[in-house]
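Every chain is numbered from 1, with letters handed out A, B, ... down the list of sequences.
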Amino acid sequence: TKSYTIMIDAYGKCNQLARAFTLFYTMTRIGPKPNIVTYNAMIAACARNNEPNMAYEVFEEMQASRITPDKFTYGSLIDACAKSGQVERAFEVSRLMDQSGVIKDQTIYSALIDACGRAKQLDRALLLYEEMKRNAVWPNLVTFAVLIDTCANARRPDRAFQLFSEIKHWGFPRANVVVYTALIDACSKAGWPEQAERVMANMVANGIRPNEISFGALMDGWTKGGQIDRAFEIIERMVNVHQVLP
RNA sequence: GUCAUGAAACACU
């Protein structure tokens, strides 16, 4: 069962969902019997391949086989909803977890906030942030990344900076490249390329190396305002000063 | 003796 599950997981991650299903149904028909990890890997594969309905089908088959879902199961289901923009469905899963007594951890909250972020529902995301702290689930850098990304999507750079300033109070000496890039993106999307530049200068000063995604977010801010020449300058800076290849 | 399964960043689609 373990080896089959490893293969299902690999197929899912290579975007070969059909092959994952073939293997999965071979298991249900002739064995070896799928266990909870197998079902979870299948649901995660559906989530990654943007097939929320298939994820739910596997979830139902899992329950029909009298296997009790765990936090991995629910986490993948929420991710499937988040990626397909179904916020309400994500919250339904959250309620289901409460009913079945499965503890919501950092990963679950990040996935729920991500679902709000994709729907630009910043208020709801902030409520989740408060709720997790109330429940003694401490935010980590992924939490802050999804929160700041939500601010970016909701065009609220002010909130993004506010959240960014809270990071140090949670025991993190510095943010990482993903958090900084999300903050740059928040500035760019809001039409503040100068602020985005300041954030990048700040990240470099703190010893975090921007990558091609960081520069992409920065360029986007300038091109939005029609300053294409600025964007080309950034490409040169990226290659010459920061030694990042386009 | 966590390590077969779950969460985050730009643009294009």
Can you find a heavy atom in the side chain of A:Lys33 that is under 4.5 Å from one in the side chain of A:Thr1?
no
When the C1' atoms of B:G6 and B:C10 are considered, how many whole Å apart are they?
25 Å
For A:Ile108, which contact category applies under a 4.0 Å heavy-atom criterion: base, sugar-phosphate, or nothing?
base
Round to the nearest Å and state the distance from A:Leu147 atom CG to B:A7 atom P.
17 Å
Look up atom CD1 in A:Ile108 and atom CD1 in A:Ile78, then write down how far apart they are to the nearest 0.5 Å.
4.5 Å
Would you indicate which nucleotide in B:G6, B:A9, B:A4 comes nearest to any side-chain atom of A:Val178?
B:A9
Report which part of the nucleic acid A:Ser76 touches: base, sugar-phosphate, or nothing (heavy-atom distance under 4.0 Å, all strands).
sugar-phosphate
Where the side chain of A:Ala217 is defined as all heavy atoms beyond and including C-beta, which of B:U5, B:C10, B:A7 is the nearest nucleotide?
B:C10
From CD1 of A:Ile67 across to P of B:U5 the rounded distance in Å is 17 Å
Categorize A:Asp105 for me: base, sugar-phosphate, or nothing, with a 4.0 angstrom heavy-atom threshold over every strand shown.
base
Which nucleotide sits closest to the side chain of A:Ala44: B:A8, B:G6, B:A4?
B:G6
Hey, does the Lys NZ or Arg CZ of A:Lys168 hover above the aromatic six-ring of A:Phe172, less than 6.0 Å from the centre and inside 45° of the axis?
no
Looking for any heavy atom pair under 4.0 Å, which part of the strands does A:Glu212 touch: base, sugar-phosphate only, or nothing?
nothing
Using a 6.0 Å distance limit plus a 45 degree cone around the ring axis, check whether A:Arg124 lies over the aromatic ring of A:Phe91.
yes
Between the base of B:A7 and the side chain of A:Asn140, is one N or O donor paired with an acceptor at under 3.5 angstrom?
yes
Expressed as a whole number of angstroms, how long is the span from A:Leu163:CG to B:A9:P?
16 Å
Report the nucleotide, chosen from B:A9, B:A4, B:A7, that has the shortest atom-to-atom distance to any side-chain atom of A:Asp149.
B:A9
Touch class at under 4.0 angstrom, heavy-atom based, for A:Val146 against every strand present
sugar-phosphate
Send over the distance from A:Tyr39 OH to B:U5 C1', rounded to a whole Å.
14 Å
Taking atom CD of A:Glu197 and atom CZ of A:Arg230, what is their separation to the nearest 0.5 Å?
6.5 Å
Between C1' of B:A7 and NZ of A:Lys104, the distance in whole Å:
15 Å
Which one, B:A4, B:A9, B:G6, comes nearest to the side chain of A:Ile6?
B:A4
Checking all strands, does A:Lys83 fall into the base, sugar-phosphate, or nothing category for heavy-atom contacts under 4.0 angstrom?
sugar-phosphate
Is it true that A:Tyr25 and A:Glu61 share a donor-acceptor pair across their side chains at a distance under 3.5 Å?
yes
Close N or O pairs between protein and nucleotides 11-13 of chain B (under 3.5 Å):
unit_1	atom_1	unit_2	atom_2	d
B:A11	OP1	A:Lys189	NZ	3.1

Answer with base, sugar-phosphate or nothing: what part of the nucleic acid does A:Ala145 contact at a heavy-atom distance below 4.0 Å?
base
Remember a base hit wins even if backbone is also touched, and classify A:Asn176 as base, sugar-phosphate or nothing at under 4.0 Å, heavy atoms.
base
A:Gln106 CD to B:U2 C1': how many Å, rounded?
14 Å
Roughly how many Å is it from CD1 in A:Ile8 to P in B:G6, rounded to a whole number?
13 Å
Cation-pi geometry met for A:Arg89 and A:Tyr56 (6.0 Å, 45°):
yes
Take the protein atom CZ of A:Arg48 and the nucleotide atom C1' of B:G6, then report the distance between them rounded to whole Å.
11 Å
Look at the rings of A:Trp170 and A:Trp138 and say which category their plane angle falls in: under 30° parallel, 30 to 60° tilted, over 60° perpendicular.
tilted
